Structure formats: C-alpha cells, structure tokens
Amino acid sequence: MTLLEIFDPKAPPRPIGIDLGTTNSLVASVGSDRPSVIEDCFGKTMVPSVVCYESDGTVIVGERAKELASQRPQDTIVSVKRFMGRGADDAETRRMGPYRFVAPQEGQANVVRFAVEGRPPVSPVEVSAEILRALKERAEDELRSIGGAVITVPAYFDDAQRQATKDAARLAGLEVLRLLNEPTAAALAYGLEHKKNGLFAVYDLGGGTFDVTVLLLDDGVFQVKSTGGDSQLGGDDMDRALAEVVLAKLAPTAEIAARPTFVRELLDVCRSIKHGLTSAEVVEAAFDVDNKTAQVQVTRAEFESAIRPLLDRTGVACRRALRDAGIGAEELDGVILVGGSTRVPAVRHYVSHILGQEPLADIDPDQVVALGAAIQADLLAGHGNTEEVLLLDVLPLSLGIEVGGGVVDKILPRNTTIPCGARATYTTQEDNQTGFEIHVVQGEREMSKDNRSLAHFTLKGIPPMPAGLARLEVEFRVDADGLLSVSAKEATTGIEQTIAVKPSYGLDDEAVEQMLLDAFDHGEGDLLTRRLAEARVDAHRLILATEKALASDADLLEGTERQRIDDALAHLKAMTSRNEPALVTAAIDGVDGATKDFAGRRMNRAIAKALEGQTIDRVEQTVEHAKGIEAAHGSPLPPERA
C-alpha cells in the first residue's frame with residue numbers, strides 16, 4: 001500500500017531561517033510549536049558548504065562535492081564564506097586554497113574570481129548562491145511552499161560582506177527578510193528556549209569567523225551591548241595550524257607539498273584528526289607521500305599548542321567586548337557557545353578561563369544559529385507561532401566622513417543600536433566653492449587615511465558663495481541588516497544626492513580587529529594629529545578672512561594697527577608649519593587680539609550700512625537670517641577637488 005503525504009495546498013508559505021556557514025550550512029523553520037532544523041531524506045541536517053563544478057556544466061553541492069574536493073581541488077570551492085567581500089588583489093586571498101584565481105578585467109569590480117571547469121570564472125557570490133539554492137530546495141521539499149528568509153552573518157561582517165550575502169540570496173531566488181548577526185540569532189534561540197533573563201556573552205567560533213557579543217536578555221528584549229571579533233578566524237585556521245604540525249612529521253618533497261591534491265588531502269585529514277582529538281588524547285592518520293604510505297601520530301597536547309595563538313586572538317576580542325559593555329566577566333549570567341569549533345576541548349577550557357565560568361552548550365552549537373534565524377523569520381512574517389521579541393543590534397565600527405585637514409567626524413559611533421540614523425551639518429572653507437566631495441570612512445582612528453575608505457561621491461552644482469555660507473547636511477542611515485546609505489543636501493539650494501554604500505571588496509584579514517587595536521595603541525598620537533589638523537584648518541580660514549578684510553576695509557585701520565596685524569599673521573603662518581597644535585592655537589589667539597578693535601569697527605560699519613533706510617520689521621528679518629547662518633557653521637569639508 002502506498003502512503004501519501006497530506007498537506008494543505010492553501011497553507012501560507014512558511015518563512016525559513018538559514019545559517020550560511022563556512023564549513024556547513026543549515027536551514028530551519030518554525031512548526032506548530034517550536035523551531036527545528038530541516039533534514040534531508042537520510043536524516044542529515046547539515047549541508048557541507050562545498051561546491052564542485054563539473055566539465056559538463058553540472059554543479060554539485062554538499063556531501064558529494066566534499067568527497068570530490070581531494071580529487072578536483074581547483075574546481076571544488078571550500079569555505080567560500082572567507083572570500084566574501086574580499087578584493088582580488090588581496091595577497092591573503094592566494095593563501096586560502098589551491099584555486100586558479102582570475103584577475104578582474106578592465107571595468108570589472110575588484111572581486112575574487114575562480115577559474116573552474118564547464119563555465120566562465122565564478123565569484124564567491126555565485127558560489128554562495130549555489131549553497132543557498134541547495135538549502136532552498138531542501139526547504140521546499142519539506143515545506144512545499146516557502147516564504148522569505150532570514151540569513152545569518154557574522155557580527156563583524158562589514159558592509160561589503162553583508163551586501164555580497166544579500167546578492168547571493170537574490171541569485172538563489174530567495175527573498176531576504178533580514179540579515180541577522182549570528183550571535184544575536186543564537187541568543188534569540190537560547191533565550192526563548194530557556195526563558196532566561198540577564199547578561200550573556202555569546203562566543204561564536206565557526207569554520208571561518210569568530211564573534212563575541214555581550215547581550216542583555218530582558219523579557220523578550222534582546223539588546224546587544226557590545227560586539228567584537230575577527231571575520232578571518234575559525235576552524236579552518238585550526239586545520240592549517242595542525243597541518244603545519246603534520247607536515248613537519250611527514251617531511252614530503254617540495255614538489256609533493258605544493259601539489260594541490262596533496263594540500264587538499266592534508267587539510268581534509270587534519271580536519272578529521274581535529275575531530276578525533278575532541279574525544280581522544282592521540283590520533284593516528286595515514287598519508288600517501290611519494291607513493292608510500294606514511295603513518296602520523298598527533299597528540300592533543302601538540303594540537304592545543306599549535307592553536308594557542310588563535311585562542312589568544314579570541315581572548316583579546318572578548319576582553320574588549322566586556323570593556324565596551326562596561327562590565328566585568330564576573331557580572332555575566334552565562335556564556336553561550338556557538339559554532340562547531342567550540343566542541344574542541346581546548347576552546348571550552350579557554351572560554352571558561354577568560355570569561356570566568358563554564359559555558360552553556362545544552363543547545364547544539366551547530367544548530368542554534370539556524371534555529372534563532374527561523375524564530376526571527378517567523379516573527380517578521382507575523383505568523384505568531386513564537387512570542388513577540390525585540391532585537392536591538394549594534395554597529396561593530398564607527399562610521400563618519402572626512403572633514404577639513406583629513407580629520408574624521410564620526411557621525412555614528414561603534415556600538416550604536418541599529419537600525420539607526422544621524423545627521424550633521426557642515427560648511428565650506430573656500431570662497432566660491434561649487435561642490436563638496438564626500439568621503440565616507442569606517443573605523444576608530446582620528447585621521448581618514450588610517451581608516452577603511454567606504455565610498456567617495458561628489459555633490460555638484462552649488463552656486464558660488466563666500467566661505468562659510470553654504471550649508472551641507474549629511475545624513476547616515478543604517479538599516480536592520482547593517483547596510484549603510486548616505487544622503488547629502490545643500491540646504492540653501494536643495495540640491496541633494498543619495499547613495500547606498502557598496503564597496504567592491506571587504507576588509508583585509510584581521511582588519512576590523514586591527515582597527516580597534518590601532519585606535520587603542522595610537523590613541524594619544526591620533527588625538528595630537530587631530531588637534532594639529534583642526535588648528536591648521538582654523539588658521540587657514542582666519543588668514544584668508546583677515547587678508548580679505550584688510551583689502552576691503554583698510555581705511556578703518558588706525559596708527560600702527562596694520563603693522564601689528566601683519567606681524568601676527570606672519571607669526572601664524574610660520575607656526576602652521578610646526579607640529580605643535582598649542583603653538584598654532586596661541587598664534588590664532590594672537591591674530592584675534594591684534595584684529596579685535598579693527599573687527600569691531602568693521603562690524604559697526606556693516607551694521608550701519610545694513611540699517612540704512614530699513615524698517616524695524618526688515619531689521620528683525622535680517623537678524624534672524626544672521627542667526628541661521630551662525631548656527632549653520634560647522635566643520636568645513638575639504639575644498640572641491642579637480
């Protein structure tokens with residue numbers, strides 16, 4: 001007798017949650033009462049994040065592709081998540097696999113491209129789309145009809161990496177309801193499962209990324225207090241560290257060691273050794289070296305020694321996240337483990353040491369992110385299968401623009417709750433400036449050259465005005481996915497431009513973490529550099545304004561006043577070449593003192609001229625206009641560049 005599956009053809013599409021992982025990916029949904037990970041027909045929940053391209057154009061995803069990786073290492077893309085948002089000219093890219101990389105042609109975006117069999121070169125976005133397409137098909141087989149998807153990303157993914165993830169989902173035919181930070185998704189699943197309130201740290205160490213997030217769970221409100229991590233650190237790095245140990249034991253010839261098939265086999269076996277050392281003190285493995293079988297024995301102590309530098313890198317991020325949240329480790333109510341790499345005993349021991357308590361791992365660390373994504377998808381779809389919650393995530397790094405002297409004005413500081421927006425007003429520093437060049441940057445340093453450049457765009461068509469009269473309103477908005485858009489508007493003319501910031505490649509290896517380290521290490525020097533740059537900008541404006549006043553109102557000068565002003569200006573010009581902001585500021589005060597009486601007489605002349613033949617009403621309007629101009633004066637942008 002044949003059994004038929006019963007389903008309701010009128011049932012609404014079911015939203016899904018996807019954990020797009022470096023090593024494995026999962027898809028989950030919320031049923032009648034709770035979220036669950038969707039299995040294949042063999043009862044397996046995880047899809048290996050591996051894609052193989054065959055010569056006939058066939059694309060293989062998952063377990064079968066993983067089996068082919070050692071046979072066809074250059075056509076089988078493994079851990080593609082680590083390439084998302086990276087530049088093709090990034091030297092670190094070449095170290096992440098035995099692939100054939102294709103340089104971008106003229107006019108193409110600066111992104112990584114792999115040469116593979118059976119089709120033109122493919123980008124990490126296209127490879128990720130194949131994984132997402134396989135997850136979508138699995139969900140459709142189970143649910144029949146699916147709705148939108150919540151896709152998780154590392155908290156420390158930058159704007160380029162998040163945008164690349166959304167592009168991959170679009171290629172796979174998925175409607176993205178939201179990009180959700182992985183630690184937040186894990187906390188969402190854990191909090192609703194256990195009904196716990198308090199301060200929690202989420203330690204998320206996956207195959208290719210590391211995040212640590214401090215959250216406050218309070219009756220359905222999930223507020224991120226701080227976040228940190230490294231978008232290029234994970235289990236893959238443990239495999240490479242272990243491979244160095246094994247390679248030293250094998251001592252193969254240089255030709256064998258450089259062979260792509262040997263490299264792939266070495267990494268695959270090292271991953272198996274790593275898994276074996278989770279429960280055993282010693283693991284043996286066999287390798288084919290120079291047509292001979294070589295046995296290698298690796299101890300847990302050797303493995304733990306090899307990965308210790310990696311664990312120390314996670315410790316730096318943990319301490320910074322606690323400091324940013326304003327708490328000590330003893331104030332945490334729990335530590336949640338996420339990611340398959342947290343199964344390593346050395347990782348769990350290190351976490352308990354650095355955060356002061358035994359971590360919680362009663363929800364499968366491989367599944368918890370996908371379960372949280374499914375809960376969020378269900379909430380966004382309004383199905384009501386889960387209780388109402390509020391997620392308050394944060395920015396991992398500050399966002400700002402370059403102003404006069406190359407200084408950064410931070411419009412949205414890091415750890416600002418998202419979605420968010422902020423606005424700032426600026427003016428010009430040159431007469432007759434007809435445009436503004438907006439330089440958007442990301443990072444914690446004081447000078448724009450020391451931060452990550454996100455975008456440049458120019459607002460043109462501004463009518464010529466004296467310096468300081470134009471009013472440029474710059475607005476930053478970051479959506480719930482963590483993606484930035486910038487608008488700039490000149491207030492007096494209404495000329496406006498808006499862009500979605502889409503850099504063509506992501507941060508370099510360890511760049512986000514290094515940004516924070518640099519900001520801390522160079523903090524005092526950066527502040528000195530900023531003060532000097534700002535003082536020079538003020539000096540430049542004062543010199544121009546004073547020379548202009550001397551040329552137009554020289555008849556108001558008295559006695560030796562002109563000589564005193566000229567001497568003060570000469571001294572100020574000399575001090576601007578010195579690297580001491582205090583000297584520049586003192587020289588500015590000298591010019592102010594020398595021109596005080598002259599400025600008063602100029603003001604009296606201007607008022608008398610303005611009031612000549614005016615009514616009381618007209619005078620009041622003039623005063624209000626002057627107040628508006630005064631309020632608009634802010635930090636000047638650099639002059640328009642050719």
Side-chain angles (χ1 to χ4, degrees), residues 5-21 24-40 45-47 49 61 128-155 157 162-163 165-193 220-222 338 363-364 366-393 418-419 479-483:
E5 182 183 358
I6 300 175
F7 69 96
D8 183 1
K10 296 183 179 180
R14 187 88 62 82
I16 56 175
I18 292 177
D19 175 9
L20 183 59
N24 295 292
S25 298
L26 304 92
V27 58
S29 68
V30 175
S32 58
D33 56 351
R34 58 187 301 157
S36 61
V37 174
I38 298 175
E39 301 176 347
D40 65 9
T45 58
M46 293 190 290
V47 176
S49 300
V61 180
S128 296
E130 298 293 350
I131 300 170
L132 289 171
R133 193 173 289 113
L135 294 169
K136 177 188 174 188
E137 291 173 356
R138 173 178 290 194
E140 288 174 335
D141 288 344
E142 175 70 21
L143 305 175
R144 297 290 180 171
S145 178
I146 64 170
V150 168
I151 302 176
T152 61
V153 293
F157 255 26
R162 291 170 187 269
Q163 189 61 57
T165 303
K166 290 195 77 171
D167 291 343
R170 188 171 67 251
L171 281 177
L174 287 166
E175 175 196 356
V176 179
L177 298 174
R178 180 174 176 181
L179 297 181
L180 183 62
N181 286 348
E182 290 166 358
T184 308
L188 182 59
Y190 187 89
L192 292 186
E193 176 78 13
V221 177
F222 293 72
V338 180
I363 298 182
D364 188 335
D366 286 318
Q367 296 189 9
V368 65
V369 168
L371 296 175
I375 292 171
Q376 177 67 359
D378 196 63
L379 289 167
L380 293 177
H383 285 186
N385 291 328
T386 53
E387 60 186 82
E388 191 65 30
V389 298
L390 176 63
L391 296 181
L392 301 174
D393 234 319
I418 60 172
D479 62 19
D481 296 327
L483 299 175

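Since the structure is predicted, the reported quantities are computational estimates derived from the model, not experimental observations.
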Trainee: Report the distance from atom CG of Leu26 to atom CD1 of Ile18, rounding to the nearest 0.5 Å.
Mentor: 10.0 Å

Trainee: What I'd like to find out is whether the side chain of Arg162 reaches to under 4.5 Å of the side chain of Lys166, using heavy atoms alone.
Mentor: no

Trainee: Quick one: pull up CD in Glu142 and CD in Glu39 and give me the separation to the nearest 0.5 Å.
Mentor: 8.5 Å

Trainee: Measuring from atom CG of Leu135 to atom OG of Ser25, what distance do you get when rounded to the nearest 0.5 angstrom?
Mentor: 5.5 Å

Trainee: Any side-chain heavy-atom pair from Ile131 and Leu20 closer than 4.5 angstrom?
Mentor: yes

Trainee: Got Ile146 and Leu174 here, is their nearest side-chain heavy-atom distance under 4.5 Å?
Mentor: yes

Trainee: For residues Val369 and Ala186, report the shortest heavy-atom separation together with the two atoms involved.
Mentor: CG2-CB, 4.3 Å

Trainee: Taking only residues two or more places apart in sequence or in another chain, which ones pass side chain to side chain donor-acceptor pair (under 3.5 Å) with Asp364?
Mentor: Arg343

Trainee: Which heavy atom in Gly17 sits nearest to a heavy atom in Ala377, and how many Å separate them?
Mentor: N-CB, 4.4 Å

Trainee: Work out which heavy atom in Pro154 is nearest to a heavy atom in Asn181; give both atom names and the distance.
Mentor: O-OD1, 4.0 Å

Trainee: To the nearest 0.5 Å, what is the distance between CG (Leu180) and CG (Leu188)?
Mentor: 7.0 Å

Trainee: What pair of heavy atoms forms the shortest contact from Ala28 to Ala370, and how long is it?
Mentor: CB-O, 3.6 Å

Trainee: With sequence neighbours left out, write down each residue that passes salt bridge (Lys or Arg N to Asp or Glu O under 4.0 Å) with Lys136, or none if nothing qualifies.
Mentor: none

Trainee: Would you give the length of the straight line joining atom CD1 of Ile38 to atom CD of Glu140, rounded to the nearest 0.5 angstrom?
Mentor: 10.0 Å

Trainee: Mind checking the CG-CG spacing from Asp19 to Asp366? Nearest 0.5 Å is all I need.
Mentor: 8.5 Å

Trainee: Can any side-chain N or O of Arg138 pair as donor or acceptor with the backbone N or O of Val47 at less than 3.5 Å?
Mentor: no

Trainee: Can you give me the closest heavy-atom contact between Ala129 and Ala172, atom names plus distance?
Mentor: O-CB, 3.5 Å

Trainee: Of Ile151, Val176, Thr152, which is the lone residue that meets side chain to side chain contact (heavy atoms under 4.5 Å, CB included) with Thr165?
Mentor: Ile151

Trainee: Going by heavy atoms in the side chains, are Ser29 and Leu143 under 4.5 Å from each other?
Mentor: yes

Trainee: Identify the two heavy atoms, one from Ala189 and one from Ile375, that lie closest to each other, and give their separation to 0.1 Å.
Mentor: CA-CD1, 3.9 Å

Trainee: Between Arg170 and Glu175 (side chain of the first, backbone of the second, donor and acceptor by atom type, cut-off under 3.5 Å), is there such a pair?
Mentor: no

Trainee: Is a donor on one side and an acceptor on the other found under 3.5 Å between the side chain of Ser128 and the backbone of Ala168?
Mentor: no

